[in-house]
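Presented below is the structure to which this report refers.
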Amino acid sequence: MRNVTAENITDVFKGYMSNEMDPRMREVMGSLVQHLHDFARDVNLSHEEWRTGIAFLEGCAAIETEDRHEFILASDVLGLSSLVDMLHSNADATSSSVLGPFHVSGAPELAVGGDMKRHFGGPMLLAEGVIRDTDGKPIPNAEIDIWQTAPNGLYASQDDEQDTFSFHGLMTVGDDGRYAFTTVKPVEYTVPTDGPVGDILNACGRHPWRPSHLHYIVKAPGFKTLVTEVFPNDDPYLDQDTVFGVRNDLVMKYEEKQAAAFPDGMVLSGNVSDPFLYVNFDVTLAAD
Ligand code: BEZ
Ligand code: FE
């Protein structure tokens with residue numbers, strides 16, 4: 001096509017795609033460019049605004065490292081990561097929620113009943129639950145990868161004061177599907193704002209806060225891997241999570257219990273003298 005116009009450029013783009021190309025790629029690229037062109041036409045995008053967009057992408061690329069995933073963070077605060085999660089969530093299983101950039105592979109083994117709080121201050125939380133299939137049957141030997149921030153609101157990879165794997169643990173449940181561990185009550189924290197994503201949040205008049213949460217990746221042979229989070233029901237940011245990760249079935253009550261109610265069978269059993277918090281969160285996995 002020689003006479004390309006603002007009106008026909010989208011169809012011209014689609015006409016340039018080969019008939020031999022992968023059909024799914026054709027669908028995705030055609031729709032992506034349709035929306036991109038419609039967006040530019042809708043807002044009458046100026047050259048300066050186009051340059052700002054390119055500078056944003058270049059800024060993300062410039063600070064991207066193994067530990068800093070600014071493009072993913074951009075997807076998170078724009079709601080894209082959560083939208084993709086929800087599009088592929090299984091209605092009978094526990095909801096999935098954002099992975100975020102702070103998961104670390106190779107976490108040390110944490111026995112059922114183990115402790116991640118160690119010497120850290122802050123309220124103790126005992127979290128437990130059962131990993132089940134959609135019929136309610138426990139899934140033996142499921143694996144649960146757990147991570148969270150320290151009481152200062154920082155993940156280990158953001159904080160020189162913490163060991164690489166502090167507040168990270170990998171637990172394999174027994175035949176009863178039950179997991180349990182003690183930790184410190186997670187705190188609300190801000191996503192990183194010192195890069196281009198911080199500029200977007202600022203420009204939109206948005207705050208960078210996430211409600212406090214525990215992260216889980218739950219895996220078992222024959223089941224879909226679930227990436228999810230658990231939130232306490234009294235967190236002030238539940239209704240304004242900057243990465244759109246909250247789902248009703250992930251919001252749990254953290255009950256206050258007296259030290260005498262601390263159960264047996266935990267690493268800290270017999271050594272707890274202060275009241276503690278307790279959350280029961282069962283996880284349902286969908287079959288693969
Ligand atoms: C997190 O929960 O770790 C997280 C999720 C998305 C963006 C930043 C952090
Ligand atoms: Fe997090």
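Just so you know, ligand 1 is whichever comes first in the structure, and atom 1 is the first atom listed for that ligand.
Atoms of ligand 1 found under 4.0 Å from any heavy atom of Tyr155, numbered from 1 in the order shown, are 1 (C), 2 (O), 3 (O). Here is the list of ligand 1 atoms found below 4.0 Å of a heavy atom in His215: 1 (C), 2 (O), 3 (O).
The closest protein non-hydrogen atom to atom 5 (C) of ligand 1 is Gly100 CA, 3.4 Å. Looking only at protein heavy atoms, the nearest one to atom 9 (C) of ligand 1 is Pro101 CD, 3.4 Å. When only non-hydrogen protein atoms are considered, atom 7 (C) of ligand 1 lies nearest to Asp76 OD2, 3.2 Å. With hydrogens left out, the protein atom closest to atom 1 (C) of ligand 1 is Tyr189 OH, 2.7 Å, a heavy atom.
Residue pairs satisfying the side-chain hydrogen bond (donor to acceptor under 3.5 Å, both in side chains) criterion with at least one member in residues 215-226, sequence neighbours excluded, are listed as follows: Tyr155-His215, Tyr179-Tyr216, His213-His215. Residue pairs meeting the side-chain hydrogen bond (donor to acceptor under 3.5 Å, both in side chains) criterion with at least one member in residues 139-150, sequence neighbours excluded: His103-Asp145, Gln148-Thr183. Within the structure, side-chain hydrogen bond (donor to acceptor under 3.5 Å, both in side chains) pairs that include any residue of residues 192-207 comprise Arg68-Asp194, Arg206-Thr242, His207-Gln240 (at least two apart or interchain).
Paired with Leu285 under the rule side chain to side chain contact (heavy atoms under 4.5 Å, CB included), one option of Ile139, Thr134, Asp133 passes, and it is Ile139.
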Practice item. Begin with the C-alpha distance, continue with both residues' side-chain angles, and end with the deciding distance and a verdict on side chain to side chain donor-acceptor pair (under 3.5 Å) for Thr5 and Asn8. Key: CA-CA 5 Å; Thr5 67; Asn8 72 11; 3.3 Å; yes

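Listed by chain and number, the protein atoms of type N/O/S under 2.8 Å from the Fe ion (ligand 2) are Tyr155 OH, Tyr189 OH, His213 NE2, His215 NE2; waters are omitted.
Phe244 and Asp76 make their closest contact through CD1-O, 3.7 Å (heavy atoms, listed as atom of the first residue, atom of the second, distance). The two residues Pro138 and Pro140 make their nearest non-hydrogen contact at O-CD, 3.4 Å.
Electrostatic pairing of Glu188 and Arg210 does not count as a salt bridge here, judged by no charged N lying under 4.0 Å from a carboxylate O.
With a 6.0 Å radius and a threshold of 12 heavy atoms from other residues, nucleotides or ligands, Asp264 has its CG atom at or below the threshold.
Here Leu73 has side-chain heavy atoms under 4.0 Å from ligand 1, and that is the only part of it that gets that close.
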